[in-house]
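The next block holds one structure in the form of structure tokens; read it before the comments.
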Amino acid sequence: MDGGLAAMVTVARTCVDAVHLLHVWLQFRLAYVSRESLVVGCGKLVWDARDIASHYLRSLKGFWFDAFVILPVPQVVFWLIVPKLLREEKIKIIMTIMLLIFLFQFLPKVYHSICMMRRMQKVTGYIFGTIWWGFGLNLIAYFIASHVAGGCWYVLAIQRVASCLRQQCERTNGCNLSVSCSEEICYQSLLPASAIADSCGGNSTVVRKPLCLDVQGPFKYGIYQWALPVISSNSLAVKILYPIFWGLMTLSTFGNDLEPTSNWLEVIFSICIVLSGLLLFTLLIGNIQVFLHAVMAKKRKMQLRCRDMEWWMRRRQLPSRLRQRVRHFERQRWAAMGGEDEMEMIKDLPEGLRRDIKRHLCLDLIRKVPLFHNMDDLILDNICDRVKPLVFSKDEKIIREGDPVPRMVFVVRGRIKRNQSLSKGMVASSILDPGGFLGDELLSWCLRRPFIDRLPASSATFVCLESAEAFGLDANNLRYITDHFRYKFANERLKRTARYYSSNWRTWAAVNIQFAWRRYRQRTKGPVIPVRDTNGGTERRLLQYAALFMSLRPHDHLE
């Protein structure tokens, strides 16, 4: 027995046992939900320490299973039982004990670890909570199953080799074969390769090449023939990795390459391998396919929608310019929202929960709007509950001049250009940056008394200079908020803020400042624009002044 490797395994196993022991200690202090209280309501927590301990001790899958997986059986076997059996050269019994420990200690501990992680998922939602975590853990479980199959295969192969050596020795006269070293425990993993034979005490029997380690020999190994080079190898990495590879290959092919002999134990093991491969493929690989499908589902959904949209545009014979705009909008919408309408997803949730979610999503964005800086939390909550996200593509007209204004739009990302016709051939332009808003005509419309049911007309055309994201507040929702919180919207400071950030008032102010400045310059230093002899120059100047005069002062609820 390699003492160095056994020591490392013992330390690792003891550390894992310490984690499980901490879990047991924690279970004696965790409140539980009384089963009798689950008849009506969501259950009642039991906090009494004695009741908690009694409930945990009575549970067969609780304390007793936890105590079973903590038992230090491998440590005791490694250091007390195996050396004694090595001295007595009972190799078959040693391998049987190792196999039983592997099956009845290793597998329950793996199962117990999975149960602990699933409990953690119920508390935190992290373990098994994401697609890639589930994918990785299912893949690890498949490798553990391969390790189990390969480990059992390797142990059974050693038993067959020991049986072969015994049979060959019985057929040879004067054979005194010793299959164990003079030193039961040897720390060969900590020694150089040249010193292993001397320090560990080699066998007194020297054999050139035993027939039992020859794949082409007379002894039929069946499914264990590929283990002979591994058994005769001194490399620890080969002894660990090759059985895992054999298990992975055999489980993946459902035991297709297995050709067992007539040995009953070998046949039973082959049947178990085939059934385990089918079960694992159905469960674990099936789960991986589900996770991969979940990863690709949104992408597939986008591809299907784009395909349907392309078919519809071809059927309606849309021009290429409109097709390009549709494609650009769809790509931007999927990039911004992932193809899901967030408001549709949460509309069926309880009102309080939905309000808190929308507050979490929208409150920081709403606070960026200067118009809402000094609003009460109650008003902001009502605004958050009624806004909806909007996405605009480049060169898209949000609203045209003269059209009814259906909503106020608050810009979150991107820039929007405002164009207002002043007179024939003259257009006033300005840029709305993130934090700006459009549709402020609705604010005056909601607060005007007597109220007019007809929606106000837009005073300008708004065009996206780049891809933009915003959130909108429909006219009916804005009217509801202004009616119920009129005391706040009638505030003088809010009125001045609305005027200051209003694109309509800014355009009107800019035009009048320009007009006043031109009059001042003309009165003091002559005309701003030199007088031309051509009729075209004079006519253009008159059009500019006419445009300044025709810039009407915006009307709002302050008047």
Side-chain angles (χ1 to χ4, degrees), residues 297-299 301-302 304-306 308-309 325-373 375 377-400 403-418 431-443 446 455 458 461-482 501 503:
K298 287 188 176 181
K299 184 177 180 181
K301 184 179 179 181
M302 178 182 178
L304 290 175
R305 179 173 175 81
C306 292
D308 294 341
M309 191 66 69
R325 289 176 60 185
V326 170
R327 296 187 192 107
H328 182 72
F329 173 76
E330 286 294 326
R331 285 195 296 268
Q332 183 189 353
R333 189 173 71 89
W334 277 88
M337 300 183 179
E340 300 289 346
D341 189 349
E342 295 178 346
M343 300 302 108
E344 287 293 325
M345 294 174 63
I346 65 175
K347 69 176 183 179
D348 294 329
L349 295 177
E351 183 178 355
L353 178 59
R354 185 183 68 249
R355 186 186 302 114
D356 292 342
I357 292 175
K358 297 188 74 171
R359 176 185 174 89
H360 172 75
L361 295 175
C362 305
L363 185 60
D364 292 338
L365 302 178
I366 289 176
R367 287 188 186 277
K368 291 181 181 178
V369 179
L371 187 63
F372 299 142
H373 277 176
M375 291 286 185
D377 288 341
L378 182 60
I379 301 177
L380 292 178
D381 285 344
N382 279 272
I383 294 175
C384 289
D385 195 31
R386 286 165 175 80
V387 296
K388 59 181 180 180
L390 302 172
V391 177
F392 304 104
S393 58
K394 184 179 179 181
D395 298 330
E396 181 181 350
K397 290 184 179 179
I398 299 177
I399 189 172
R400 296 179 302 177
D403 286 346
V405 181
R407 67 177 65 89
M408 286 188 73
V409 178
F410 305 93
V411 184
V412 176
R413 187 181 65 82
R415 296 188 306 156
I416 298 175
K417 185 177 181 180
R418 179 186 183 276
I431 303 298
L432 291 180
D433 293 317
F437 58 93
L438 58 99
D440 48 293
E441 297 91 347
L442 282 179
L443 198 58
C446 291
L455 289 175
S458 175
T461 300
F462 294 87
V463 182
C464 293
L465 296 178
E466 58 190 19
S467 299
E469 295 179 19
F471 57 88
L473 188 61
D474 290 338
N476 293 333
N477 292 326
L478 181 62
R479 182 183 172 187
Y480 170 85
I481 292 173
T482 54
Y501 288 100
S503 56

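This is a predicted model, so every value here is computed, not measured. Note that the numbering runs from 1 along the sequence shown for the chain.
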Minimum-distance pair of heavy atoms, taken over all atoms of C446 and A475: SG-O, 4.5 Å
So which atom in S467 and which in R413 form the shortest heavy-atom distance, rounded to 0.1 Å? O-NH1, 3.8 Å
Straight-line distance of L432 CG to R418 CZ, nearest 0.5 Å: 8.0 Å
Could you grab the distance from atom CG of D356 to atom CZ of R354, nearest 0.5 Å is fine? 10.5 Å
Interatomic distance, CG@N382 vs CZ@R359, rounded to 0.5 Å, equals 11.0 Å
Looking at V463, is its backbone amide N or carbonyl O close enough to the side chain of K417 to form a donor-acceptor pair, meaning the two atoms are under 3.5 Å apart? no
Distance-minimising heavy-atom pair for I399 and V405: CD1-CA, 3.8 Å
Passes side chain to side chain contact (heavy atoms under 4.5 Å, CB included), I379 versus I383? Steps please. CA-CA 6 Å; I379 301 177; I383 294 175; 4.0 Å; yes
Set of salt bridge (Lys or Arg N to Asp or Glu O under 4.0 Å) partners for D377, sequence neighbours left out: R367
For R400, enumerate each residue passing the side chain to side chain contact (heavy atoms under 4.5 Å, CB included) test, keeping only those at least two apart in sequence or located in another chain. K397, D403, T461
For residues V412 and F471, report the shortest heavy-atom separation together with the two atoms involved. CG2-CD2, 3.6 Å
Taking every non-hydrogen atom, the tightest pair across F392 and A470: CE1-CB, 4.2 Å
One should read off an interatomic distance between S458 OG and L442 CG, to the nearest 0.5 angstrom, of 9.5 Å
May I have all residue pairs that pass side-chain hydrogen bond (donor to acceptor under 3.5 Å, both in side chains) and include part of residues 471-480, sequence neighbours excluded? R407-D474
Shortest non-hydrogen contact from C384 toward K358: O-CE, 3.2 Å
Can you tell me how far CD of E396 sits from SG of C464, rounded to the nearest 0.5 angstrom? 5.5 Å
Roughly how far apart are D395 CG and E466 CD, rounded to 0.5 Å? 11.0 Å
